[in-house]
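Since the structure comes first, as structure tokens, the remarks are kept for the end.
Numbering of ligands and ligand atoms starts at 1, following listing order. If you read the sequence from its start, that first residue is 1, and numbering goes on from there.
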Amino acid sequence: MSYIDAKEKYAALGVDTDAAIEKLKNVPVALHCWQGDDVRGFDTDPNKPLTGGIQTTGNYPGRARTPEELMADLDLALKLCPGTKKMNLHASYAIFEDGQWADRDKLEPKHFAKWVAFCKERGLGCDFNPTFFSHPKANGLTLSSPDPEIRKFWIEHGKACIRISTYLAEELGQPCVMNIWTGDGFKDIPADRMGPRIRYKEAIDEILSEPFDFNKVKPCVESKVFGIGVEAYTAGSAEFALSYAAMNKEKCIPLMDNGHYHPTEMVSDKIPALLAFFPEIALHITRPIRWDSDHVVLLDDETKEICKEIVRCGGLEGRVKIALDYFDASINRVAAWVVGLRNVQKALLQALLAPDYTALQDAGDWTKLMVLQEEQKTLPFGEVWEQYCRICNVPGDGQWFAAVQAYETETLSKRG
Ligand code: RNT
Ligand code: ZN
């Protein structure tokens, strides 16, 4: 089977494979820098514990220890993935020149100048995240803290991040999605559930009072169900984050991470629900196993269903901001990036190649709908994928892993 044969098979179902490829090529997907160094960042002691209820597990050799190493690793990952990529940075990845360290409340655009240069050279946009964890002042609650000084520190951090996001958007000529997530919550039954949420709400209000252009900076609020050590109560719950975004539509969008819901809740189903009300939404695509374990994204059913909904609901026209969010320290980290990003690209391409069977649903023809949806699963998708990789000038399946293995031998394995 060649691409030409595959193209004909799809054409018989009314699907134009060339058009699908052309469309996907231009859809930005944000690659998270934090898979490269187990979410450690550069602004605090790299050996401090990761806090905020998130966890990387594994001790695979070769983690990036410096900005140069992280950029080199990213470069290889980016080269091996088709499509339009965007960077996604955390504030903790600030790069300080000549020991000019600044605490999180004092971060400035200049601390991201090297990242801007990196993105410019590669024609990438950049998303951004304030880092409300892994810091001496993130010892428990941050934006929802009852201590006004702690709260103030993190509000100032949020405002600094708005300014940095504006800088990234202006320098790179693309909107910057700025995601607010905190791990604020409690291990055990709270005496007061309302107080932290009111303080969190007011803190986000203060952060977003920092002037910005909503066409350039897209602040989001990401919800969560629970974290490690934060099992009983999360201030930024689903209802909290969604309500905040709904009440502040002129300056904020909701972000759903598919690791942040009860296991039978599906983000794929939530996409059209939110898009019925919000002009724009944002996603963190991950793979939760049992909990928010942030495993590498596979080409599994829910990833495909999420991408199907993105495509069906007009998300590729800019309404859905797509980002990856996972961190596995037990395997080669460059391969982790590449596998996850290629899988999201595959799922999006499959979604673009799916015939629209709405008419069958509307006619109540569930039998035919089932037959056709099932037969779709064995169409020669691999040939179209290979064509997409060729057009994007990146290696096809079976052709990229050797480069990662060579890089591991020559570079990663030599890191202490
Ligand atoms: C944590 C959230 C959050 C982080 C990153 C590092 O549960 O998913 O998005 O993973 O910001
Ligand atoms: Zn997330």
Side-chain angles (χ1 to χ4, degrees), residues 29-44 48-57 63-64 70 87-94 104 126-135 138 142-143 154 157-158 161 164-165 176-185 218-231 233-238 240-242 245 253-263 265 267 270 281-297 302-303 306 320-329 333 336-337 340 344:
V29 177
L31 186 65
H32 54 313
C33 72
W34 51 93
Q35 163 63 58
D37 75 333
D38 312 340
V39 208
R40 290 176 205 233
F42 308 128
D43 73 334
T44 47
K48 68 187 178 300
L50 178 59
T51 67
I54 53 178
Q55 197 96 73
T56 56
T57 52
R63 135 185 115 70
L70 187 61
M87 275 311 305
N88 196 0
L89 298 177
H90 247 282
S92 52
Y93 291 79
R104 299 236 174 115
C126 189
D127 290 343
F128 199 63
N129 304 258
T131 313
F132 298 104
F133 54 85
S134 298
H135 183 281
T142 62
L143 289 176
W154 291 111
H157 175 54
C161 288
I164 294 161
S165 298
C176 171
V177 175
M178 191 199 93
N179 178 43
I180 297 174
W181 170 76
T182 75
D184 288 20
K218 302 283 177 186
C220 317
V221 184
E222 179 182 15
S223 70
K224 189 154 175 174
V225 60
F226 79 93
I228 295 294
V230 194
E231 289 87 358
Y233 167 87
T234 295
S237 60
F240 175 91
L242 200 50
I253 66 179
L255 186 147
M256 295 190 289
D257 177 313
N258 61 303
H260 292 191
Y261 296 87
H262 291 283
E265 278 186 80
V267 161
K270 297 175 192 292
I281 64 169
L283 297 179
H284 274 181
I285 304 187
T286 188
R287 179 164 55 106
I289 299 194
R290 317 287 174 214
W291 69 289
D292 183 31
S293 53
D294 289 296
H295 283 62
V296 175
V297 173
E302 177 58 357
T303 305
I306 286 173
V320 180
K321 320 289 177 204
I322 309 170
L324 304 185
D325 181 16
Y326 53 78
F327 23 93
D328 191 339
R333 295 170 185 79
W337 268 320
V344 169

Any nitrogen or oxygen of D257, main chain or side chain, under 3.5 Å from a nitrogen or oxygen of ligand 1?
yes
Taking heavy atoms and a distance under 4.0 Å, where does D294 meet ligand 1: side chain, backbone, both or neither?
neither
Polar proximity ligand 1 side, N179 side, N/O cut 3.5 Å exclusive
no
Hey, what's the angle at the Zn ion (ligand 2) spanning OD2 (D325) and ND1 (H284), nearest 10 degrees?
90°
Taking non-hydrogen atoms only, is K224 closer than 4.0 angstrom to ligand 1 via side chain, backbone, both or neither?
side chain
Does H32 have its ring centroid less than 6.0 Å away from the ring centroid of Y93?
no
For residues W181 and H90, establish whether the separation of their ring centroids is below 6.0 Å.
no
Starting from atom 5 (C) of ligand 1, what is the nearest protein heavy atom, named by residue and atom, and what distance separates them?
H90 NE2, 3.5 Å
Return yes if some donor-acceptor pair links the side-chain N/O of S223 with the main-chain N/O of S237 below 3.5 Å, else return no.
no
Nearest heavy atom to atom 10 (O) of ligand 1, choosing from L50, D325, I180, belongs to D325
Carefully, step by step, assess L324 and L31 under the rule side-chain contact (heavy atoms from CB on, under 4.5 Å).
CA-CA 6 Å; L324 304 185; L31 186 65; 3.9 Å; yes
Nearest-contact summary for atom 9 (O) of ligand 1 - protein heavy atom, Å
E222 OE1, 2.7 Å
Should F327 be listed as contacting ligand 1, given a heavy-atom distance under 4.0 Å as the test?
yes
Heavy-atom side-chain contact between I281 and M256 under 4.5 Å
yes
If we ignore angles and hydrogens, is there a donor and acceptor under 3.5 Å between the side chains of H284 and T286?
no
For D292 and ligand 1, does the shortest N/O to N/O distance drop below 3.5 Å?
yes
Checking one value in my table: which N/O/S atom of E222 lies closest to the Zn ion (ligand 2)?
OE2
Checking F132 against H157 for the side-chain contact (heavy atoms from CB on, under 4.5 Å) test, could you report, in this order, the C-alpha distance in whole Å, the side-chain angles of both residues, the deciding distance, and whether it holds?
CA-CA 8 Å; F132 298 104; H157 175 54; 4.0 Å; yes
Shortest-distance N, O or S atom of D257 relative to the Zn ion (ligand 2)
OD2
For H260, is the nearest heavy atom under 4.0 Å from an atom of ligand 1?
yes
Taking the side chain as everything from C-beta on, heavy atoms only, tell me whether D257 gets closer than 4.5 Å to K224.
no
Relative to the heavy atoms of I54, which atoms of ligand 1 are at a distance of less than 4.0 Å?
1 (C), 7 (O)
For W154 and H135, take the angle between the two ring planes, folded into 0 to 90°, and tell me which bin it lands in: parallel under 30, tilted 30 to 60, perpendicular over 60.
perpendicular
Taking atom types as modelled, is there a side-chain donor on W34 or N88 under 3.5 Å from an acceptor on the other?
no
Please could you name the atoms of ligand 1 that H284 approaches to less than 4.0 Å, counting only its heavy atoms?
9 (O)
